[in-house]
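Being a predicted model, the structure only gives us computed values, none of them experimental.
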There are 2 protein chains.
Amino acid sequence: MTNKQSRKTPTPPGAKPRLQMVDIAKMAGVSTATVSRALNDSPLVTPETRARIAELARSMNYTINAGAKHLRLGQNKTVALVLPYERDSRQSVSDPFFLSMFGAIADALTERGYDMLVSRVDASELDCAAQLYNAGRAMGIILIGQWRHHEQLKAMAERGVPLVVWGAQMTDGGYCTVGCDNIAGGELATEHLIACGRRRIAFIGDTVFPEVAQRMEGYRRALARHGIVADERLSIAASFLADGARQAMAELKRRQAPFDAVFACSDLLALTAIGALEQQGLKVPRDVSVVGYDDVAMASYFHLPLTTVRQDIEAGGRELVAALIERIGHQEPASRVVATELVIRETSRVPAA
Amino acid sequence: MTNKQSRKTPTPPGAKPRLQMVDIAKMAGVSTATVSRALNDSPLVTPETRARIAELARSMNYTINAGAKHLRLGQNKTVALVLPYERDSRQSVSDPFFLSMFGAIADALTERGYDMLVSRVDASELDCAAQLYNAGRAMGIILIGQWRHHEQLKAMAERGVPLVVWGAQMTDGGYCTVGCDNIAGGELATEHLIACGRRRIAFIGDTVFPEVAQRMEGYRRALARHGIVADERLSIAASFLADGARQAMAELKRRQAPFDAVFACSDLLALTAIGALEQQGLKVPRDVSVVGYDDVAMASYFHLPLTTVRQDIEAGGRELVAALIERIGHQEPASRVVATELVIRETSRVPAA
DNA sequence: CTGAAAGCGCTAACAC
DNA sequence: GTGTTAGCGCTTTCAG
């Protein structure tokens with residue numbers, strides 16, 4: 001019996017064969033060309049046919065096969081979002097900041113009709129990210145965080161991979177970045193702490209990350225502007241991991257360098273630093289003022305609302321997507337800077353005189 | 001001049017034409033068939049040819065075009081991860097729990113060689129998720145949270161869409177779920193609170209979500225077991241949004257029903273509830289014991305480490321992926337339950353007598 | 001062991 | 001307006 005089931009791919013038992021355009025065409029009594037045109041809103045088909053076919057397709061739960069369409073069109077509307085992680089600790093994503101950024105990018109992409117393919121790649125093998133492009137899986141790549149791999153990213157971009165990176169704008173360019181003005185952010189936080197009457201301000205963050213290095217630069221400039229000499233002992237390289245702050249606070253205590261404020265390079269760091277401080281019997285903000293970075297949702301809900309440097313993540317997501325789409329259209333998008341603003345809450349309240 | 005640039009698609013200016021298999025074939029002086037075989041580790045090519053072609057491909061940054069391959073093979077190794085959101089508040093993702101689950105799924109998928117396509121869809125139009133399957137973009141769908149849309153999910157699964165859902169196992173089945181035993185979780189939390197000497201335990205969480213309804217069921221059972229009558233005024237429907245807990249605490253105060261403990265259906269809720277409680281002048285855990293749900297990373301770093309019901313998210317991600325892959329292979333995977341355990345920290349410390 | 005050729009599901013000339 | 005047809009880049013029989 002030559003029933004209609006005679007597809008080439010031997011339909012596995014118990015699996016409904018997937019509907020194709022020919023099927024719809026047959027049912028509608030037209031050719032596939034017409035179905036294609038109708039489903040793509042071509043003005044070449046009569047409105048009635050279009051409506052009839054659209055209705056038929058919907059009722060049959062038929063959707064044009066995206067893969068075939070893309071192959072034919074030579075372009076697919078998907079972009080890859082790459083989240084690098086450090087090999088030893090998969091934690092890169094544990095920071096709520098990532099999640100917000102992720103959501104912002106997802107929304108911006110959806111809005112423009114793009115699909116989002118998400119990959120986590122080992123930060124030491126960032127080149128793998130390029131394969132997503134080479135294999136035609138994605139038209140371009142958004143990468144969150146440049147980590148310590150500036151050179152690799154530069155090389156990728158030079159090879160022609162459409163790439164946009166969330167991170168610090170590097171002086172030697174090479175690829176398009178979107179990020180906050182980290183120097184300004186560092187200055188903002190430090191100036192505020194100084195205005196609170198603090199002089200011995202600890203800096204927590206790992207400067208191998210360009211963003212952090214720039215925030216520290218801002219911190220230095222602000223101190224210098226007020227004639228305060230930066231005490232090297234007050235700078236602690238803490239990883240972004242949650243435990244980083246705890247260790248940093250312990251280290252700070254060990255160094256016996258007195259301090260009256262902490263500028264942490266992420267809210268997560270700041271929040272856990274406060275916990276550690278309180279365990280040491282120090283009172284925030286009475287004994288120590290604390291400023292964080294990011295303004296994650298949790299920051300304001302904390303029992304002691306956190307003073308922090310807010311990054312406009314929504315805008316960041318939008319700009320990343322906009323820049324990448326420009327790049328896909330073979331333009332050379334300029335790097336962009338999104339707004340940074342200081343949000344003053346409780347953790348830096350000036351001690352009652 | 002008929003140079004080799006003569007591709008059909010008019011290469012836009014400034015864009016390097018993408019390498020194809022023919023290009024590699026020409027360079028290697030073989031046919032595309034051989035290149036294909038070499039790159040797919042077919043035993044039909046001599047090891048030397050294979051090595052030579054593999055090396056050539058790598059040096060040219062060539063990767064087999066995934067779309068074409070999938071079209072030809074009639075199967076693509078990608079699964080869609082769908083994150084529903086409520087229309088009014090895009091916040092669904094602001095809960096760190098999502099992020100952890102997301103990471104766990106990403107890792108499990110990567111490990112098995114699958115790509116992950118992520119989509120946020122309006123929770124009221126969950127059917128859109130099926131299109132990802134119908135359009136052949138993904139071989140199956142993982143959905144996080146069934147929200148209030150059990151029926152729609154059931155219908156989708158019945159239409160043959162390979163679907164696995166993180167959520168509560170429903171008695172009427174219909175689709176495969178992976179989730180914790182929420183009733184047991186609710187019991188665990190409540191029993192612990194009772195063991196702490198608490199009798200008037202408030203429940204915070206919106207029972208339109210099946211998971212929450214089941215946790216409440218566990219809460220009720222535990223109370224009943226100890227002969228405690230549940231005071232209806234102590235149950236507050238709070239949304240998962242961060243502000244939900246704040247409102248819930250205000251409502252609780254308004255109802256003037258005395259309480260000595262709070263069981264919140266997420267850590268985010270618990271953390272913000274504690275903040276609200278402290279603002280009302282109540283001391284945790286002295287006046288009120290608090291238990292959360294999820295054991296998100298932040299929970300233990302909070303200034304008052306949170307007692308909470310831990311869900312094994314890593315295992316959850318692995319199971320979701322395993323179940324979906326079974327389903328893609330045309331089996332009927334059974335719903336699974338992952339481990340739930342109570343983590344006792346500070347917020348429920350028994351008051352010093 | 002390797003090459004030639006057919007075709008995966010779709011779109012866009014080009015005919016009618 | 002609609003149908004016919006030739007590929008998009010790949011894999012895989014089938015010949016050699």
Legend entry - Approximate separation, where rounding is to 0.5 Å, of M116(B) CE and R120(A) CZ: 8.5 Å
Legend entry - Rounded distance [0.5 Å steps], CG in D115(A) versus NE2 in H70(A): 7.5 Å
Legend entry - Proximity to the side chain of M21(B) - top-ranked nucleotide from dG3(D), dT2(D), dC10(D): dC10(D)
Inset, instruction - Using a cut-off of strictly less than 4.0 Å, decide whether S36(A) has a side-chain nitrogen or oxygen near OP1 or OP2 of dA12(C). - result: no
Legend entry - Distance-only side-chain donor-acceptor flag, D122(B) / S124(B), under 3.5 Å: yes
Inset, instruction - Let me know the distance between NE2 of H70(B) and C1' of dT12(D), rounded to the nearest Å. - result: 16 Å
Inset, instruction - May I ask you to verify whether the side chain of R18(A) and the base of dG9(C) hold a donor-acceptor pair under 3.5 Å? - result: no
Legend entry - Candidates dT2(C), dG1(D), dG3(D) - which lies nearest the side chain of V30(A): dG3(D)
Legend entry - Closest-nucleotide 5' rank along DNA chain C - winner of T34(B) and L71(B): T34(B)
Inset, instruction - Using atom CD of Q20(A) as one end and atom P of dC8(C) as the other, report the distance to the nearest whole Å. - result: 8 Å
Inset, instruction - Name the closest nucleotide to the A68(A) side chain, picking from dG9(C), dG1(D), dG9(D). - result: dG9(C)
Inset, instruction - Ignoring backbone atoms, establish whether T49(A) has a side-chain N or O less than 4.0 Å from OP1 or OP2 of dT2(D). - result: yes
Inset, instruction - Send over the distance from N40(A) CG to dA12(C) P, rounded to a whole Å. - result: 7 Å
Inset, instruction - Tell whether R37(A) reaches the base of dG3(D) with its side chain through a donor-acceptor pair below 3.5 angstrom. - result: yes
Inset, instruction - Look at the side-chain N and O atoms of Y62(B) and state whether any lies under 4.0 Å from the OP1 or OP2 oxygen of dG9(D). - result: no
Legend entry - DNA chain D: 5'-proximal contact among T32(A) and T46(A) (nearest heavy atom): T46(A)
Legend entry - Distance, rounded to the nearest Å, where R52(A) contributes CZ and dT2(D) contributes P: 9 Å
Legend entry - Length of the NZ-C1' vector between K69(B) and dC10(D), whole Å: 9 Å
Legend entry - Residue mapping more 5' on DNA chain D - nearest nucleotide basis, L44(A) or A33(A): L44(A)
Legend entry - Rounded distance (Å) that lies between atom C1' of dG9(C) and atom CG of N65(A): 6 Å
Inset, instruction - Apply the side chain to side chain donor-acceptor pair (under 3.5 Å) test between Y175(A) and each candidate in K154(A), H150(A), R327(A), E158(A); give the one that qualifies. - result: H150(A)
Legend entry - Criterion salt bridge (charged side-chain N to carboxylate O under 4.0 Å, His left out) on E55(A) and R58(A), from CA distance to verdict: CA-CA 5 Å; E55(A) 175 50 32; R58(A) 189 172 37 256; 2.5 Å; yes
Legend entry - Candidates I313(B), L81(B), I142(B) - the one meeting side-chain contact (heavy atoms from CB on, under 4.5 Å) with M101(B): I313(B)
Inset, instruction - Between dC10(D), dT2(D), dG9(C), spot the one nearest the side chain of V45(A), thanks. - result: dT2(D)
Legend entry - I64(A), nearest nucleotide to its side chain (from dC8(D), dC10(C), dT4(D)): dC10(C)
Inset, instruction - In whole angstrom, give the distance that lies between atom CG of L73(B) and atom C1' of dG9(D). - result: 12 Å
Inset, instruction - Write down the distance between CZ (R50(A)) and C1' (dG1(D)), rounded to a whole number of angstrom. - result: 12 Å
